[in-house]
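Heavy atoms only: backbone and side chains are in, while hydrogens, waters and symmetry mates are out.
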Amino acid sequence: MNMNLLERIDDYTWTIPLKVGEKRSGIRLYGSEPLLKSMDDKVLEQITNVATLPGLVGEAMTMPDAHWGYGFPIGGVAAFDAEEGGIISAGGVGFDISCGIRCLRTNLMREDLTSTDLTKLADELSRAIPAGVGREGKLRLTLDELDDVLRGGAQWAIHHGYGLGEDLSFVEEMGKMQGARPENISRLAKERQLGEVGTLGSGNHYLEVQEVAKIYDEKAAEAFGIKKGQIVVSIHCGSRALGHQIGTEYLVSLAKAATRLGISLPDRELACAPIHSPEGQEYIGAMNAAINCAMANRQVLTHMTRNAFECLFKGVKIETLYDVSHNTCKEETHLVNGVERNLWVHRKGATRAFGPGHPDIPVRYRSVGQPVIIGGSMGTGSYILAGTKEGEERAFSSASHGAGRAMSRHQALKLWKGKQVIQELAQKGILIRSASMRGVAEEAPDAYKDVDLVAQATEKAGLARRVAFLRPKVCIKG
DNA sequence: ATGTAC
């Protein structure tokens with residue numbers, strides 16, 4: 001990014017000064033100077049576009065891991081007030097609606113796993129977890145059953161034997177998003193999903209077995225039930241074909257609504273409609289149903305993970321640490337200049353990060369803040385952080401979500417071969433199992449930004465504080 | 001992200 005276009009507020013907070021005659025809201029970019037320097041100029045252009053949207057409250061923001069996306073940047077946060085003409089945008093949620101990460105803690109320690117165990121575990125997980133583009137899973141649902149999934153979310157999965165009731169306390173919204181309207185979703189979107197509940201997908205989605213390699217905050221780690229050397233599992237996936245199809249279809253309907261209502265869009269990809277409009281309401285109902293689809297998906301995968309571990313480690317105990325999405329728009333209460341307001345917060349490639357005391361945090365974690373999961377690239381590691389009070393005011397309680405791509409898939413393919421990436425990671429003791437060698441090359445660790453810098457900048461910017469670093473041991477890729 | 005390519 002051309003740093004001359006930015007104005008430094010502090011070491012981790014930047015803005016773009018308003019030009020004379022320019023009409024838009026303010027902008028905040030969070031991150032260290034090196035991270036911002038490495039960002040595409042397109043991020044700046046896109047967040048400037050977002051800042052022109054009607055009903056925006058406060059500032060349009062980017063997280064330290066921001067990169068170019070469809071309309072909105074990935075790593076973009078924007079809150080709108082429905083009573084002031086605020087909008088909802090499909091591009092502001094992302095195509096993979098409710099993509100997110102479920103982290104599980106096991107009662108195994110690193111010393112419990114020999115290298116033979118790890119190989120067996122990698123093989124068993126790659127057998128048990130359906131992964132890859134268009135890959136179908138073990139469940140074959142009817143359209144009526146899928147509607148139940150879309151209304152019930154992770155609660156549907158629990159009621160159908162996929163998991164334990166106690167998981168639900170550690171999933172956003174207790175695993176069931178209210179306001180889901182399956183009737184707002186096309187038959188095509190549903191048909192595409194019938195065989196894909198309980199599947200991982202492709203791209204940057206993964207299931208990783210990791211060890212807790214470093215603890216930054218002992219008190220929070222204790223609350224989260226993790227300690228150094230412990231084995232955890234992270235599942236990164238979303239709403240699969242369903243979310244993508246909804247996004248595709250609603251972009252058209254929202255664009256029409258914007259035209260009809262005279263909302264001027266600097267970029268067609270920002271297609272949006274007022275929250276108080278038929279099209280806006282229709283999309284919100286569909287999006288909420290897709291959120292349930294994603295939470296059900298991660299719940300079914302949790303069940304499959306437990307079964308795979310149980311095959312090798314009889315009596316192993318696996319609990320849900322937390323499940324949090326990073327592609328949503330949610331109605332939340334936020335304090336703005338001392339006034340409590342009801343806002344619709346778009347977080348696209350940004351994780352919700354409620355601070356200590358927030359009523360929507362599980363009681364067990366409430367005093368330390370909501371767990372925030374930053375997923376790394378394949379083979380580099382991930383972080384668990386905790387939401388802060390400061391983050392409420394600075395970013396409507398939002399934080400980073402991952403390392404963020406440093407180069408395009410196309411560029412990555414020119415630089416690496418899948419086989420070579422797998423061999424290099426094996427030398428570091430990381431086992432990869434993937435349906436696609438091409439996918440592995442596209443996801444090479446160096447095609448991503450440095451997750452350590454992202455987590456550090458997230459903390460320094462006051463958005464969330466680091467609790468633990470997770471080092472990968474086994475990675476199942478789509 | 002995605003039956004990766006209307």
Side-chain angles (χ1 to χ4, degrees), chain A residues 46 65-76 89-102 130-137 140-141 146 185-207 235-252 255 268-269 271 286-287 289-291 293-295 297-298 301 324-329 346-351 375 377-378 401-414 418 434-444 447-448 476-478:
Chain A
Q46 289 190 322
D65 55 340
H67 54 115
W68 167 83
Y70 186 94
F72 275 58
I74 295 161
S89 161
V93 170
F95 272 68
D96 189 6
I97 298 168
S98 197
C99 181
I101 302 182
R102 161 90 64 123
V133 183
R135 176 73 190 274
E136 300 208 319
R140 291 297 141 88
L141 304 176
L146 184 67
I185 299 174
S186 73
R187 189 182 173 103
L188 173 62
K190 290 177 188 174
E191 280 173 346
R192 287 184 62 184
Q193 189 61 30
L194 294 177
E196 292 196 353
V197 174
T199 65
L200 200 57
S202 66
N204 67 357
H205 290 167
Y206 59 76
L207 182 150
I235 303 169
H236 178 210
C237 66
S239 51
R240 305 287 281 109
L242 182 105
H244 187 265
Q245 189 64 33
I246 291 171
T248 304
E249 293 171 12
Y250 273 95
L251 274 170
V252 179
R268 287 181 53 195
E269 295 185 357
M287 173 191 69
I291 290 175
C293 176
M295 293 193 294
N297 199 26
R298 291 192 287 271
L301 289 167
V324 65
S325 301
H326 46 236
N327 272 2
T328 56
C329 179
H346 290 71
R347 294 189 184 91
K348 180 191 191 176
T351 309
S377 63
M378 177 176 59
H401 82 304
R405 288 201 79 87
M407 67 178 75
S408 69
R409 294 183 177 279
H410 185 75
Q411 274 177 293
L413 282 176
K414 286 197 277 189
S434 176
S436 159
M437 280 306 125
R438 177 183 168 161
V440 169
E442 288 178 351
E443 293 291 314
Y448 280 82
I476 311 296
K477 288 293 287 184

Value in whole Å for how far the P atom of B:dT2 lies from CD of A:Glu443: 11 Å
Nucleic acid contacts of residues 402-413 of chain A, taken as heavy-atom distances under 4.0 Å to DNA chain B: A:Arg409
Please list every donor-acceptor pair under 3.5 Å in which a side-chain atom of residues 91-101 of chain A meets a protein atom from a residue at least two apart or in another chain.
from	atom 1	to	atom 2	distance (Å)
A:Asp96	OD1	A:Ser239	N	2.9
A:Asp96	OD1	A:Ser239	OG	3.4
A:Asp96	OD2	A:His205	NE2	3.1
A:Ser98	OG	A:Ser325	OG	2.7

Under the side-chain hydrogen bond (donor to acceptor under 3.5 Å, both in side chains) test, residues paired with A:Ser202 that sit two or more places apart: none
Flag, side chain of A:Asn327 to backbone of A:Gly349, donor-acceptor distance under 3.5 Å: yes
Contact residues, residues 241-249 of chain A to DNA chain B [heavy atom, < 4.0 Å]: A:Ala241, A:His244
Heavy-atom side-chain contact between A:Arg298 and A:Cys237 under 4.5 Å: yes
Counterpart residues, side-chain contact (heavy atoms from CB on, under 4.5 Å), relative to A:Leu188 (two or more places apart): A:Ser186, A:Arg192, A:Gln245, A:Glu249
Sugar-phosphate only, base, or nothing, as touched by A:Gly238 at under 4.0 Å among non-hydrogen atoms: nothing
Those residues that, when tested against A:Arg405, pass salt bridge (charged side-chain N to carboxylate O under 4.0 Å, His left out) (two or more places apart): A:Glu443
Residue A:Arg187 excluded, over 12 heavy atoms near CZ under 6.0 Å: no
Atom-pair distance (CZ on A:Arg438; P on B:dT2), nearest Å: 14 Å
Distance in angstrom units between A:Glu196 CD and B:dT2 C1', rounded: 9 Å
Contact check, side chains of A:His401 and A:Asp65, non-hydrogen atoms, under 4.5 Å: yes
Interatomic distance, A:Lys477 NZ vs B:dT2 C1' [rounded to whole Å]: 15 Å
Touch class at under 4.0 angstrom, heavy-atom based, for A:Glu191 against every strand present: nothing
Rounded interatomic separation in angstrom, taking OH from A:Tyr70 and P from B:dT4: 18 Å
